[in-house]
Amino acid sequence: MPSGYVIRKHEYYDSVFLMSVNKRLSDTPGIEESAVLMGTEANKRLLDQIGISSPGIDSAQPNDLIVAVIGETNETVADALENLDHVLKMMTVGGPVSSVRTLKAALERKPAANLAVFSVPGEYAADEARRALHSGLNVFIFSSNIPREQELELKLLGRSLGLLVMGPDCGTSILHGTGIGFANRVRRGTIGAVGPSGTGLQEFTSQVHNAGGGISHAIGTGSKDLSDAIGGLTTLAALQLLEDDAGTEVIAIVAKPPGKETLQALLNRGRTLMKPLIGCFLGIEQASIFQAGPIQWGRTIDDAAAQALRAAGVETKALAEVSDSEPKEQLDSIRSGWKRGARYLRGVFAGGTFCYQTQQILFDAGIAVYSNGPIDDAYQLSDPALSQEHTVVDMGDEHFTLGKPHPMIDSTERARRILVEAADPGVAILLLDFILGYNAANDPVGDLLDTIQEAQAVRRAAGGDLTIVASVCGTPEDPQDLGLQVKMLSEIGVLVFNSNARATKFCVQLLKGQVV
Amino acid sequence: MTMDDQGNVLNQPLVVINVGLKSFAASLEEQDVEVVQVDWEPPAGGDQEMIDLLNELI
């Protein structure tokens, strides 16, 4: 198939911008595949994999833009590349204008700055963050793929300077009511939160808000912070900050299980903490935490939110809990639509924490489930692209996101997977998540609406119903209009819940009552 | 120095330097936070030897 490329020397663009240009190019009629990326070694390998290589590409540098397309005819390829200037210009409109190129220049412009946010390629992030710390700035590092030893070094440096190091691989923080990175818009209140996972914090803070409570600060720590290699340095610093903060009355930690030594350090810290501490460590063996201790445990994020609200004395609106027994008639009616042989659940998630929490709830209910990010290694999918029996997939996993946008921004890969699952006659339930908030997709439900309807049509044509269950993480204050997002799903027959835990518990009831 | 000192980000209103994704700066502006955007590029054109040298100098 005809292909072509252009290289623009010394034109650097950020990854979100490149993705939006790529999306625009790949939607061009006659274009089969396209790639818009900077000339890093990893990107050049990706191009090679799709059959585009040349000495010109080999010599491209990380600050050179490469645009490559594969099209139906030589003409479509040439047209697409000639149109590039127009697309770049059109996509550039609207972003903040800046003439500042370095941290030093930025500090001269804003000497009162107290936080630097980094979303640069991982290989450069540690150097930049170190400079920021030495300049007296707290840091939020969204960048990932930073070696452990560099993370440790940055966090030790932060500690010695009395500065907070959120990240690397930090998706979410809310400081003073301001969402940084991927964050929901929540009211201020007396509950402080700490956690390594962006979606974990998003779900917790949204639950608190939706139940009538508020967040003092939510501090993201980075995905590796609770490993024994890092020892929870940022988590411990965040606990100290929240303990000292007059506006915080209750503190919650939402995370995957810490390393053994780090868990012990947290328990020790919990004993001296002057404020109530709620802990939710998804996937941890129940027995290992129910030793008498200073932490009140929540099994799910919802439990942790409910406990935090209680501890903060917030009179909550009724948290719509899925009761242990939904009306039998409703469950029977849903199950009666399933064709014989349709019995499995497939979860296709944008949020890694949701994928993880769903597994915990299923295993707790005695239902084994496979995953590409398994809670139990015995249930590792041998190929992330292929589901088996009950399966939940984290579409944010590297397998799906290498050189491609995260599913919270772009639903293309998730749409593909949903249709694959719908075509499998063994599948009875499709479980989805939708995540709202700053920096997430503008219309997460709208982006997948056609796909969901196509999935329903595919199943109807094959006979029987596909039950689609979804949770929406967000608040009515979010930019995406929570009410409208829920309505769009409900109108096409999707069963919508306001938390991942509730949606999953509903699925458990459907699965448990099956006559096999 | 401890967290009680002036570096404590919870004791002062946020003033942010955003290095990288412009969309992050845009969402901060939307929330009325003071932010300065740094249009970052790989230092030394991404040449690792040159970067190491620069890091020693800076």
Side-chain angles (χ1 to χ4, degrees), chain A residues 10 12 14-17 38-40 61-63 94-103 105-107 109-110 112-121 124 127-128 131-132 136-138 142-143 160-164 175-181 185 217 237 240-242 244-245 438-439 479, chain B:
Chain A
H10 309 298
Y12 184 84
D14 73 48
S15 56
V16 168
F17 180 83
M38 304 310 302
T40 62
Q61 294 295 308
N63 60 349
V97 181
S98 170
S99 56
V100 177
R101 303 262 170 203
T102 64
L103 187 74
L107 267 169
R109 188 170 288 197
K110 292 262 188 230
N114 53 5
L115 175 68
V117 176
F118 293 101
S119 49
V120 299
Y124 307 107
D127 288 344
E128 296 286 349
R131 262 194 279 279
L137 295 165
N138 299 279
F142 178 73
S143 315
S160 70
L161 295 170
L163 296 164
L164 190 60
L175 303 179
H176 304 276
T178 297
I180 301 159
R185 199 166 166 160
H217 306 278
Q240 185 65 54
L241 282 171
L242 292 171
D244 294 342
D245 177 48
Y438 292 113
N439 292 302
Chain B
M1 200 189 276
T2 74
M3 288 285 178
D4 295 329
D5 292 310
Q6 59 180 23
N8 186 337
V9 72
L10 303 191
N11 284 346
Q12 332 145 328
L14 285 183
V15 179
V16 181
I17 295 176
N18 184 60
V19 187
L21 300 178
K22 283 188 179 175
S23 44
F24 279 14
S27 71
L28 289 165
E29 280 181 353
E30 202 180 321
Q31 298 173 83
D32 296 324
V33 169
E34 241 185 286
V35 52
V36 55
Q37 167 69 17
V38 176
D39 281 345
W40 183 89
E41 289 186 11
D47 180 330
Q48 192 56 50
E49 278 182 37
M50 193 60 82
I51 292 168
D52 291 342
L53 190 63
L54 281 173
N55 279 337
E56 281 177 31
L57 295 173
I58 296 175

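Naming convention: chains lettered A, B, ... in sequence-line order (proteins, then strands); numbering from 1 in each chain. For clarity, every value in this text was computed on a predicted model and none was experimentally measured.
The shortest non-hydrogen separation linking Asp14(A) to Gly20(B) is OD2-O, 4.0 Å. In plain terms, the two heavy atoms of Ala112(A) and Val15(B) that are nearest each other are O-CB, 3.7 Å. Among all heavy-atom pairs drawn from Leu103(A) and Val19(B), the shortest one is CD1-CG2, 4.3 Å. Val36(B) and Ala106(A) make their closest contact through CG1-CB, 3.9 Å (heavy atoms, listed as atom of the first residue, atom of the second, distance).
Contact of Leu137(A) with chain B is made through the side chain alone, with heavy-atom distances under 4.5 Å. There is no contact between Phe17(A) and chain B, counting heavy-atom distances below 4.5 Å. Interface remark: Thr102(A) contributes backbone atoms only to the contact with chain B (heavy atom separation under 4.5 Å). Using a 4.5 Å cut-off between heavy atoms, Leu14(B) contacts chain A through both its backbone and its side chain.
Taken from CG in Leu115(A) to CD in Glu34(B), the straight-line distance is 12.5 Å, to the nearest 0.5 Å. Once rounded to the nearest 0.5 Å, the distance linking CG of Leu164(A) with CG of Leu10(B) reads 7.5 Å. Separating the NE2 atom in His176(A) from the CD atom in Gln31(B) is a distance of 12.5 Å, to the nearest 0.5 Å.
Side-chain N or O atoms of Asn8(B) include none that pairs as donor or acceptor with a backbone N or O of Leu241(A) at under 3.5 Å. In terms of modelled atom types and a separation under 3.5 Å, the side chain of Asn439(A) and the main chain of Ser27(B) share no donor-acceptor contact. Within the 3.5 Å criterion, the main-chain N or O of Leu21(B) finds a donor-acceptor partner in the side chain of Ser119(A). No side-chain donor-acceptor contact under 3.5 Å links Asp39(B) to the backbone of Arg101(A).
Options Val16(B), Ile17(B), Asn18(B), Asp32(B) differ in how many heavy-atom pairs under 4.5 Å they form with chain A, and the most are formed by Ile17(B). Contact count against chain B (heavy-atom pairs under 4.5 Å) is highest for Leu175(A) among Leu107(A), Leu175(A), Ile180(A), Leu242(A).
Ring geometry for Trp40(B) against Tyr124(A) counts as tilted: the plane angle lies between 30° and 60°, on a 0 to 90° scale.
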